[in-house]
Amino acid sequence: MKTPIDLNIDPRSLGKVAVLFGGKSAERPVSLMSGAGVLEALKSLGVDAHGFDPAERPLQALAAEGFERAFIALHGRGGEDGTLQGALEWLRIPYTGSGVTASGVAMDKTMTKRVWAAEGLATPAYVVLNRAELTRERIRTIPDELGLPVVVKPPHEGSSIGITKAMGYSDMQGAVELALGFDDELLFEQCIEGPELTCAVLGQGDDAVALPVVEIRAEGGDYNYENKYVSNDTKYLFGTLPAALEADIQQLVLRAYRLLGCRGWGRADLMLRKSDMKPFLLEMNTSPGMTSHSLVPKAAQAVGVDYPHLCLWLLAQARLDAR
């Protein structure tokens, strides 16, 4: 596949850059890994890049110290949910990735599903309940509505944090208690049986392009936190789907990305129902991981874009919502 992005970028033209990583969310350990990789990559290409942890320093220091751009390598709340983006808008410092509204909507898995469903895009059936509604009696009814297994999620977290695949009625209460440790509202989702897929997008609007679809084969069939960031046994495969099906999935992901108003980059996670090969959208990540195990760098590499130049291109796309 032809490289979908222009790599003729002068690193010196990007000015003084803050790589924002760390933060206070449950995904801090992943963000630290992502940020370290991005910082090293940008420096290797001659960018005047500096690490900046918002958990340790006030954001006002970005303006006081003359930073001209920000590469957001934060994940989860406070970094991926629109709050940081709003602060950078206020400081007038262009940043990578989606703007305030798109970031806020995409971080909320429930709201994302509502937007997609309203526009006719396939996403698994679901039930949403807040803490007050989560009585034992109500929890027992959910498998009857959605079937088993049921995927129980805290809808405002990422990196598979707090997620359980409940195989039976007896698993439901423990799954709820785990997820409630991260959120006051829970998302119960129909489990789609089949291959797990992901597809990254680069760009904005009509110019956005979808990278090759990646099939994920995790040990035990469970793509959890361990298999995402620690295990070296997880397999990431390209070219496993028929060409026509892959093209259809890429178009589905592009539509999902555009509907949310995303820009810069993102990564959609999907399930492919094995009974009829129908893809179902799960979520959109607007600040994807950039660790050694991460999927966007792998997909970019497949089209001839190495990790440092991917980081450079993303940095060059830094924007503000306000005009």
Where do Thr141 and Arg138 land on the side-chain hydrogen bond (donor to acceptor under 3.5 Å, both in side chains) test, with the steps shown first? CA-CA 5 Å; Thr141 68; Arg138 181 68 180 95; 2.4 Å; yes

Is there a side-chain contact between [X] and [Y], using heavy atoms and a 4.5 Å cut-off?
X	Y	answer
Tyr126	Leu146	no
Val253	Val201	yes
Leu252	Asp248	no
Val128	Phe188	no
Ile216	Lys235	no
Arg77	Asp183	yes
Leu84	Ile72	yes
Leu148	Cys191	no

Under 3.5 Å: donor-acceptor pair, side chain of Arg319, backbone of Gln317: yes

Whether Arg263 side chain and Ala102 backbone form a donor-acceptor pair below 3.5 Å: no

Is there a continuous path of hydrophobic side-chain contacts, each under 4.5 Å between heavy atoms, that joins Val213 to Leu310? no

Taking atom types as modelled, is there a side-chain donor on [X] or [Y] under 3.5 Å from an acceptor on the other?
X	Y	answer
Thr198	Arg267	yes
Ser31	Arg28	no
His156	Asp108	yes
Tyr95	Glu89	yes
Asn285	Asp269	yes

Do the side chains of Asp48 and Lys16 get close enough for a salt bridge, i.e. N-O under 4.0 angstrom? no

Does Asp306 form a side chain to side chain contact (heavy atoms under 4.5 Å, CB included) with Gln301? I'd like the steps, not just the answer. CA-CA 5 Å; Asp306 63 23; Gln301 184 69 52; 3.9 Å; yes

Output, in order, the C-alpha distance, side-chain angles, deciding distance and verdict of side chain to side chain contact (heavy atoms under 4.5 Å, CB included) for Leu320 and Arg92. CA-CA 7 Å; Leu320 291 169; Arg92 307 296 297 161; 3.7 Å; yes

Take Phe67 and His50 through the ring pair (Phe, Tyr, Trp, His ring centres under 6.0 Å) test and state the conclusion after the steps. CA-CA 9 Å; Phe67 285 102; His50 307 261; 5.8 Å; yes

Which pair of heavy atoms, one from Gly289 and one from Pro297, lies closest together, and at what distance? O-CD, 4.1 Å

Taking every non-hydrogen atom, the tightest pair across Phe182 and Ile161: CE2-CG2, 3.3 Å

Give a yes or no on whether Lys298 atom NZ has more than 12 heavy-atom contacts from other residues, nucleotides or ligands under 6.0 Å away. yes

Determine all donor-acceptor pairs shorter than 3.5 Å in which one atom belongs to a side chain in residues 32-42; sequence neighbours excluded.
unit_1, atom_1, unit_2, atom_2, d
Ser34, OG, Val30, O, 3.4
Ser34, OG, His75, NE2, 2.9
Ser34, OG, Met290, N, 2.8

For Glu80 and Ser103, run side chain to side chain contact (heavy atoms under 4.5 Å, CB included): C-alpha distance rounded to whole Å, both residues' side-chain angles, the deciding distance at 0.1 Å, then the answer. CA-CA 6 Å; Glu80 195 174 350; Ser103 297; over 6 Å; no

